[in-house]
**Q** 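Okay, here's the structure, questions in a sec.
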Amino acid sequence: MKIDTTGASEVTAKQDKLYVKGVEASKKLAEHDLARMDKYKSIITNVGSAKKMDPAVIAAIISRESRAGAILKNGWGDHGNGFGLMQVDKRFHTLVGAWDSEQHVAQGTDILIGFIKGIKAKFPQWSQEQWFKGGISAYNAGVGNVQSYERMDVGTTGGDYANDVVARAQWFKSKGY
């Protein structure tokens with residue numbers, strides 16, 4: 001909740017034909033996913049508790065990556081490379097569990113945690129909030145893509161990945177995640 005965010009870009013907002021951008025657009029996108037997300041709430045909260053990760057962040061990544069499963073074909077997205085709710089990339093990871101399982105969400109959360117640690121190692125002078133936001137950006141585009149705090153979303157999908165996910169997470173937090 002302490003992380004600054006500019007929210008979704010115009011490109012991302014257009015997914016739902018929104019005429020707004022920024023935090024308002026991120027909230028609307030998350031809201032559109034809420035009914036589907038609620039099917040996975042117990043999985044998300046279980047994994048969040050086990051991995052010490054805020055469930056709102058897990059929900060926000062699921063919202064951004066797969067629209068809570070809505071854009072997947074038999075559990076697959078990203079031209080057949082991304083698997084499951086959290087879109088784990090088969091080119092870089094050995095997939096575990098069904099696309100909508102607790103094992104899958106745990107794997108995606110472990111990947112996120114690894115990226116946060118990678119950002120912490122790369123930028124030891126950053127604050128905890130900055131590491132967290134940088135790790136979210138790296139979840140989309142890799143640690144090597146993050147060059148500075150101010151421009152961490154350059155090179156991410158839509159040019160807004162971390163900012164959009166943070167804004168969605170803040171919204172999901174307000175809905176009990």
Side-chain angles (χ1 to χ4, degrees), residues 1-34 36-37 53-54 56-73 76-93 108-109 111-123 125-174 177:
M1 295 304 287
K2 297 182 205 167
I3 300 173
D4 60 275
T5 180
T6 56
S9 68
E10 195 174 328
V11 171
T12 299
K14 283 183 179 174
Q15 286 179 5
D16 285 12
K17 299 177 178 58
L18 300 177
Y19 296 102
V20 294
K21 62 182 179 181
V23 173
E24 187 179 350
S26 294
K27 289 177 180 179
K28 279 281 186 213
L29 291 158
E31 184 179 349
H32 294 165
D33 295 338
L34 184 61
R36 285 184 307 277
M37 194 69 69
M53 174 60 62
D54 193 319
V57 174
I58 298 169
I61 288 176
I62 290 171
S63 174
R64 172 67 187 233
E65 288 288 341
S66 70
R67 303 306 304 273
I71 64 169
L72 303 180
K73 303 276 189 268
W76 292 92
D78 189 25
H79 311 289
N81 293 311
F83 179 73
L85 293 169
M86 295 184 77
Q87 288 295 277
V88 173
D89 195 313
K90 71 177 185 182
R91 297 169 292 186
F92 303 104
H93 305 281
T109 302
I111 292 166
L112 172 63
I113 291 166
F115 280 127
I116 294 167
K117 288 176 180 174
I119 291 296
K120 184 176 181 179
K122 185 174 181 177
F123 299 101
Q125 73 282 10
W126 284 10
S127 69
Q128 190 167 350
E129 288 81 12
Q130 289 173 318
W131 292 329
F132 200 75
K133 187 175 179 183
I136 292 169
S137 177
Y139 186 88
N140 177 254
V143 171
N145 189 69
V146 179
Q147 299 300 315
S148 71
Y149 185 76
E150 297 72 25
R151 296 176 39 84
M152 73 171 56
D153 274 337
V154 173
T156 65
T157 305
D160 67 347
Y161 190 87
N163 280 290
D164 180 35
V165 168
V166 166
R168 291 187 201 210
Q170 291 169 349
W171 187 87
F172 279 113
K173 190 79 169 169
S174 77
Y177 279 82

**Q** Between Val143 and Gly118, what is the shortest heavy-atom contact and its length?
**A** CG1-O, 4.0 Å

**Q** Pairs in or reaching into residues 136-148: which pass salt bridge (charged side-chain N to carboxylate O under 4.0 Å, His left out), with residues at least two apart or in two chains?
**A** none

**Q** Checking Thr157 now: which residues fulfil side-chain contact (heavy atoms from CB on, under 4.5 Å) with it, not counting sequence neighbours?
**A**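 Partners of Thr157 by the side-chain contact (heavy atoms from CB on, under 4.5 Å) criterion, ordered by chain and then number, come out as Arg64, Asn140.
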
**Q** For Gln170, which residues count as a side chain to side chain donor-acceptor pair (under 3.5 Å) partner, sequence neighbours excluded?
**A**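 Partners of Gln170 under the side chain to side chain donor-acceptor pair (under 3.5 Å) test: none.
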
**Q** Tell me whether Lys122 contacts the main-chain N or O of Val146 through its side chain, where contact means a donor paired with an acceptor under 3.5 Å.
**A** yes

**Q** Could I get the full list of ring pair (Phe, Tyr, Trp, His ring centres under 6.0 Å) partners for Trp76, not counting sequence neighbours?
**A**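 Phe83.
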
**Q** Is the side chain of Ser26 donor-acceptor paired with the backbone N or O of Gly7 at a distance under 3.5 Å, no angle test?
**A** no

**Q** What pairs meet the ring pair (Phe, Tyr, Trp, His ring centres under 6.0 Å) rule with one or both residues in residues 138-157, with sequence neighbours excluded?
**A** Trp126-Tyr149

**Q** Using the salt bridge (Lys or Arg N to Asp or Glu O under 4.0 Å) criterion, which residues pair with Arg36? Sequence neighbours excluded.
**A** Asp33

**Q** State which residues pass salt bridge (Lys or Arg N to Asp or Glu O under 4.0 Å) with Glu24; sequence neighbours excluded, sorted by chain then number.
**A**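 For Glu24 there are no salt bridge (Lys or Arg N to Asp or Glu O under 4.0 Å) partners, ignoring immediate neighbours.
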
**Q** Provide the closest heavy-atom pair for Ala56 versus Lys173 in the form atom of the first, atom of the second, distance.
**A**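 Ala56 and Lys173 have their closest heavy atoms at CB-N, 3.6 Å.
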
**Q** Kindly write out the residues that satisfy side-chain contact (heavy atoms from CB on, under 4.5 Å) with Asp16, not counting sequence neighbours, or none if the list is empty.
**A**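 So Asp16 forms a side-chain contact (heavy atoms from CB on, under 4.5 Å) with Leu18, Leu29, His32, Arg67.
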
**Q** Tell me, please, which residues at least two apart from Lys27 pass side-chain contact (heavy atoms from CB on, under 4.5 Å).
**A**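 Lys27: side-chain contact (heavy atoms from CB on, under 4.5 Å) contacts with Val23, Trp171.
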
**Q** Is there a donor-acceptor contact under 3.5 Å from the side chain of Ser63 to the main chain of Ala59?
**A**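 No; zero donor-acceptor contacts below 3.5 Å.
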
**Q** Partners of Glu129 by salt bridge (Lys or Arg N to Asp or Glu O under 4.0 Å), sequence neighbours excluded?
**A** none

**Q** Not counting sequence neighbours, list each pair that qualifies as a salt bridge (charged side-chain N to carboxylate O under 4.0 Å, His left out) and has a residue in residues 140-154.
**A** none

**Q** Who are the side-chain contact (heavy atoms from CB on, under 4.5 Å) partners of Lys120, not counting sequence neighbours?
**A**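 Checked Lys120 against side-chain contact (heavy atoms from CB on, under 4.5 Å); matches are Trp131.
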
